[in-house]
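Working notes, structure below.
A, B, ... follow the sequence lines: proteins, then strands. Residue 1 opens every chain. Computed from a prediction, not measured in an experiment: that's the story for all the values here.
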Amino acid sequence: MNFVKKTPSCQLFFVKIKQNRLISHTESEADRMEYKFADIEKRWQDYWEDNHTFKTEDDFSKPKFYVLDMFPYPSGSGLHVGHPEGYTATDIVARYKRMNGFNVLHPMGWDAFGLPAEQYAIETGTHPSLTTQNNCDNFRRQIKALGLGYDWDREINTTDPGYFKWTQWIFIRLYNTWFDEELQKGRPIAELDIPAEIKAAGEAAVTEYIVEKRLAYYDDAQVWWCPHCRIVCSNEEVLNDGMHEKCGNPVERKNLKQWMLRIPLYAERLLAGLEKVDWPEGVKDMQRNWIGRSTGAEVDFKVEGANETLRVFTTRPDTLFGATYMVVAPEHPLLDTFATAGQKSTVDAYVAQAGLKSELDRSDLSREKSGVFTGTYAINPVNNAKVPIWVADYVLMGYGTGAIMAVPCHDTRDFEFASAFGLSIPCILDPDTDDKVLREQVIQGLACWIGDGRYINSASEETGLDINGLSKEEGIATCIKWLHQNKLGTEAINYKIRDWLFSRQRYWGEPFPIIHWEDGEITLLEESQLPLQLPELEKYEPGSHGESPLANATEWLHVRDENGRKGKRETNTMPQWAGSCWYYLRYIDPKNDKEPFSKAKENYWLPVDLYVGGAEHAVLHLLYSRFWHKVLFDLGIVSTDEPYTKLFNQGMILAFAYETEAGAKVSSDLVVERDGSFFHTGTGEKLTQIVAKMSKSLKNVVNPDDVVRVFGADSLRLYEMFLGPLDAVKPWVENGVKGVYNFLNRVHRFFADTSHYHEGEEDQELRKSLHATIKKVGGDVEALHFNTAISQMMIFTNLAIKKGKITRTSAEAFIRVLGPFAPHLAEEIWSILGNSGSIAEAPWPPFDESMLQEDSHEYPVMINGKLRFKILLPLNMAEEEIKEQVLSHETAQKWTEGADPKRFIHVPKKIINIVV
RNA sequence: GCGGAUGUGGCGGAAUUGGUAGACGCGCUAGACUUAGGAUCUAGUUCUUUCGAGAGUGGGGGUUCGAGUCCCUUCAUCCGCACCA
């Protein structure tokens with residue numbers, strides 16, 4: 001553990017290890033009563049393994065509960081304490097649900113394709129599968145050491161050919177599916193109607209038509225390329241500052257043939273589905289934001305002296321009267337025709353310069369807007385005004401039509417641009433604001449107003465359109481209608497979401513079941529030919545120009561069909577998202593080699609009832625996974641429209657770190673504590689304690705193995721849950737583990753010692769507390785409020801110890817409540833109490849509401865809103881009598897000075913308030 | 001700039017529909033048992049205090065008999081998105 005020197009727990013660490021070593025050969029009475037967590041945990045983990053306690057049967061007669069963790073990438077460095085946070089939470093829920101009669105599916109597996117194993121192969125020549133296997137073994141060992149009740153018979157691994165066979169199988173289905181926009185549904189490509197004029201144009205045209213409809217297609221794409229990793233990155237893997245998310249080096253643009261998936265076609269479905277699921281609002285918003293739906297209109301502008309029209313997308317067709325110029329993106333296909341002879345060199349220079357700029361520069365908001373006039377004018381359809389066409393890089397080719405109408409007075413970007421280039425800024429909307437100065441400025445064209453108001457200067461006799469006096473909403477509707485009637489434009493919806501770049505130039509990923517033939521034809525492998533496995537390689541290095549290492553696997557690469565036609569296999573592999581898109585489906589039938597999963601099992605187990613994982617997957621994994629699921633749903637392969645009913649994000653666990661006054665971070669092994677202050681061991685400089693992400697460089701990573709060694713798995717589990725609300729970001733405070741460790745010690749000392757049991761009636765107060773505990777813990781588990789559940793169990797234990805005696809019945813009930821949280825200790829005590837079998841299979845104890853009923857209540861009495869005294873009153877006492885009793889109380893007399901109160905408020909079972 | 005959260009003792013955090021603020025735990029203080037305590041047990045622990053009480057949930061205002069909770073306003077921190085027309 002990388003604790004700061006001289007903290008108590010470091011010393012405790014040492015003592016505990018010594019103690020555990022000594023235990024085995026001194027079996028005195030005192031030792032027998034010790035909480036020997038290492039022995040206990042080993043014993044029960046072996047028991048669970050030997051007895052397959054957590055094996056899930058497909059017993060369709062029981063109600064099901066599918067609780068899923070986001071499966072990890074098995075990295076070389078093993079688990080950190082962040083992993084068990086979510087895993088413990090789902091384990092508690094799984095055990096709780098099982099005790100309540102549910103057939104629970106709670107599986108674990110490995111998202112094992114990915115760069116680190118491949119990077120390691122490049123450096124050492126070790127095959128990635130070997131590295132992967134070792135890492136999985138280590139992860140599995142660590143997870144088992146935490147007592148997590150997974151059904152290991154269902155373990156899956158995305159790199160297993162028995163798994164990725166079906167990933168390839170799904171890809172084939174994506175390829176062979178088109179999206180029927182009318183029905184808003186994916187359909188088999190065989191059901192695609194080919195229009196007569198396409199058929200008439202010949203086979204090539206038909207093929208092209210089909211290719212354009214497939215959900216998966218192969219095309220030239222301008223992609224992000226990371227020269228450091230020599231890999232293509234998706235938009236999502238590029239950070240805002242233009243750096244590669246994985247390695248932190250700058251990415252660049254490159255043109256490559258790539259596989260793409262048409263996820264934007266599912267935008268409406270993906271949006272609609274969010275309404276039905278129980279997910280954190282923030283995640284839903286992030287997905288909505290990512291999809292980026294906006295409604296408006298597409299408007300065609302005639303171009304002076306040309307046949308082409310310039311089409312723009314706008315969300316504000318109502319502001320057409322204020323459009324004083326047009327802007328096209330530097331990549332716009334019509335730009336060449338717009339550039340007049342006089343402006344050509346200027347335009348070319350600008351486009352060249354824009355092309356050189358990195359995306360980072362282009363998207364820097366603080367940057368001054370740039371652009372040049374093309375020399376050509378367009379005609380504003382609402383008033384036939386001549387408006388100049390400019391080119392500027394603040395307009396992006398990738399959104400809308402790559403061209404805009406600029407309304408400087410009512411759009412901040414256009415306002416900035418017009419201000420910079422001295423273009424006119426006519427106001428067409430009288431702002432709805434109380435700020436007189438601002439309103440005047442807007443009307444003068446000196447300020448920009450994007451809110452609501454009433455139109456002015458928005459009429460033309462020539463075209464017959466008049467929206468003066470209307471509000472924004474009315475204006476938009478009127479203009480769209482007018483555009484439609486005059487065939488100048490139409491209502492339109494635009495999305496930010498783009499086609500998903502679905503290939504990587506890497507070795508360690510799923511190979512595409514694709515052959516590119518010498519004549520240009522692309523074919524897919526037959527299902528019987530799956531899985532297409534990866535070839536063995538000597539070298540795993542990617543080419544420096546974007547080709548995958550698979551391009552060197554000559555024997556694997558080259559194929560010939562029965563007619564002697566030559567072909568090459570696809571050398572790209574699928575991205576890491578592929579395997580994680582559907583793994584929740586494989587768990588339900590992981591060993592099926594006939595189909596990805598049996599329909600009957602899918603029908604029973606899906607959807608996932610509870611899905612727990614980090615917020616970092618809020619958009620990508622969850623959106624991609626929903627997309628695939630919807631395609632599978634449309635094809636009748638799965639029976640639900642959404643895969644995950646309830647989603648929960650656990651908060652990140654942070655750790656203390658240290659920084660100098662200048663803000664420089666100091667590695668924890670260079671920090672010493674003296675009298676509550678922190679100092680640099682080298683320079684002696686005083687340091688500030690901060691909370692930061694755990695990282696190798698700060699040396700503040702807490703390894704669960706170390707915590708388990710010192711305090712045991714039950715303590716680790718309990719502490720992870722006791723730390724705070726599951727969804728909160730919270731710092732790991734090493735001393736805190738001691739609190740729950742003490743609690744487990746107390747539980748062990750009291751409940752494992754049968755001399756504390758008695759045969760008679762249970763103590764009233766203790767029985768009431770027990771039933772309150774059963775109720776509270778059950779409710780808290782359902783609500784994922786584990787921290788308060790644990791504190792309730794502490795309250796009960798403290799009371800039981802105070803009472804000194806307990807009945808066996810009460811103890812057995814309590815131990816079953818504790819079971820999901822601290823399963824090893826619970827099993828141990830359960831067996832000491834003479835029960836055979838696992839406590840995991842015992843029923844959750846019933847609680848009796850009548851035990852919680854009170855016949856009297858200790859009322860806090862407030863006088864003028866301040867608590868003055870408390871009084872015990874029967875609940876069935878008449879209002880008048882209560883008033884009399886309370887007012888005659890000596891403290892009440894003192895504060896009221898005998899006078900009649902103005903008001904007397906009695907809230908039954910709550911409070912009494914006297915107003916004087 | 002937009003969207004989402006969060007703000008409570010020395011610390012992590014509790015507080016159904018507005019109803020005893022600080023549960024539970026850490027830490028700390030005192031005591032007991034002990035060769036010892038870093039084990040265990042007991043008591044205490046929001047702050048101020050003239051020991052009557054007063055103040056108190058980021059700040060300011062409001063509604064209410066009563067506000068951590070509702071409303072308005074403001075500040076701070078975190079996360080996500082960001083020239084998306």
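- Nucleotide B:rA21 holds its P atom 5 Å from the CE atom of A:Met862, rounded to whole Å.
- Among the protein residues, A:Arg868 comes within range of the sugar-phosphate backbone only, with heavy atoms under 4.0 Å from sugar or phosphate atoms but none that close to a base.
- In this structure, the ring of A:Trp390 has its center less than 6.0 angstrom from the ring center of A:Phe421.
- In this structure, the nucleotide among B:rA85, B:rC83, B:rG13 sitting nearest to the side chain of A:Tyr399 is B:rA85.
- Checked against the 6.0 Å centroid threshold, A:Phe648 and A:Trp279 do not count as a close aromatic pair.
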*Pair A:Phe786-A:Asp780, side-chain contact (heavy atoms from CB on, under 4.5 Å): steps then yes or no*: CA-CA 6 Å; A:Phe786 305 107; A:Asp780 279 351; over 6 Å; no
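- Taking atom CZ on A:Phe656 and atom C1' on B:rG27, their separation rounds to 12 Å, with Å as the unit.
- The CG-C1' distance, from A:Asp727 to B:rC79, rounds to 13 Å in whole Å.
- Among the heavy atoms of the strands, none lies under 4.0 Å from A:Pro280.
- The interatomic distance linking A:His332 (NE2) with B:rA85 (C1') rounds to 13 Å, in whole Å.
- No engagement by A:Asp414 is indicated, since no non-hydrogen atom pair under 4.0 Å with the nucleic acid exists.
- Summarising the geometry, the separation between CG on A:Leu867 and C1' on B:rA55 is reported as 15 Å, rounded to the nearest angstrom.
- Nucleic acid contact for A:Lys866: sugar-phosphate only, since backbone atoms but no base atoms lie under 4.0 Å from a heavy atom of the residue.
- One atom, CD1 of A:Ile914, and another, P of B:rU64, lie 21 Å apart when rounded to the nearest Å.
- The side chain of A:Asn787 contributes an N or O atom lying less than 4.0 Å from OP1 or OP2 of B:rA14.
- Between the side chains of A:Gln792 and A:Thr773, at least one donor N or O lies within less than 3.5 Å of an accepting N or O.
- Using a 4.0 Å heavy-atom criterion, one finds that A:Lys870 contacts the bases of the nucleic acid, with or without backbone contacts as well.
- Base engagement by A:Val907 is indicated by at least one non-hydrogen atom pair under 4.0 Å involving a base atom.
- Note on A:Asn742: only backbone sugar-phosphate atoms sit closer than 4.0 angstrom, heavy atoms only; bases stay farther off.
- Between the P atoms of B:rG12 and B:rC33, the separation comes to 37 Å (whole Å).
- Atom CG in A:Asp285 sits roughly 15 Å away from atom C1' in B:rA82 (whole-Å rounding).
- Between B:rC24 and B:rA43, the two P atoms lie 12 Å apart (nearest whole Å).
- Ring centers of A:Phe417 and A:Tyr325: under 6.0 Å apart, within the cut-off.
- Straight-line distance between the C1' atoms of B:rG4 and B:rA21: roughly 28 Å, to the nearest whole Å.
- Put simply, A:Arg749 has a side-chain N or O that comes within less than 4.0 Å of OP1 or OP2 on B:rC41.
- A:Asn289 comes within 4.0 angstrom of sugar-phosphate atoms only, judged by non-hydrogen atoms across all strands, and of no base.
- Residue side chain A:Lys369 reaches the base of B:rC83 through a donor-acceptor N/O pair under 3.5 Å, judged by distance alone.
- Heavy atoms of A:Ile905 sit under 4.0 angstrom from at least one base atom.
- Rounded to whole Å, the distance from CH2 on A:Trp390 to P on B:rC83 is 22 Å.
- By the ring pair (Phe, Tyr, Trp, His ring centres under 6.0 Å) test, A:Phe796 is found to be paired with A:Phe814, residues two or more places apart in sequence or in another chain being considered.
- Within the structure, a side-chain polar atom (N or O) of A:Ser294 is placed less than 4.0 Å from OP1 or OP2 of B:rA85.
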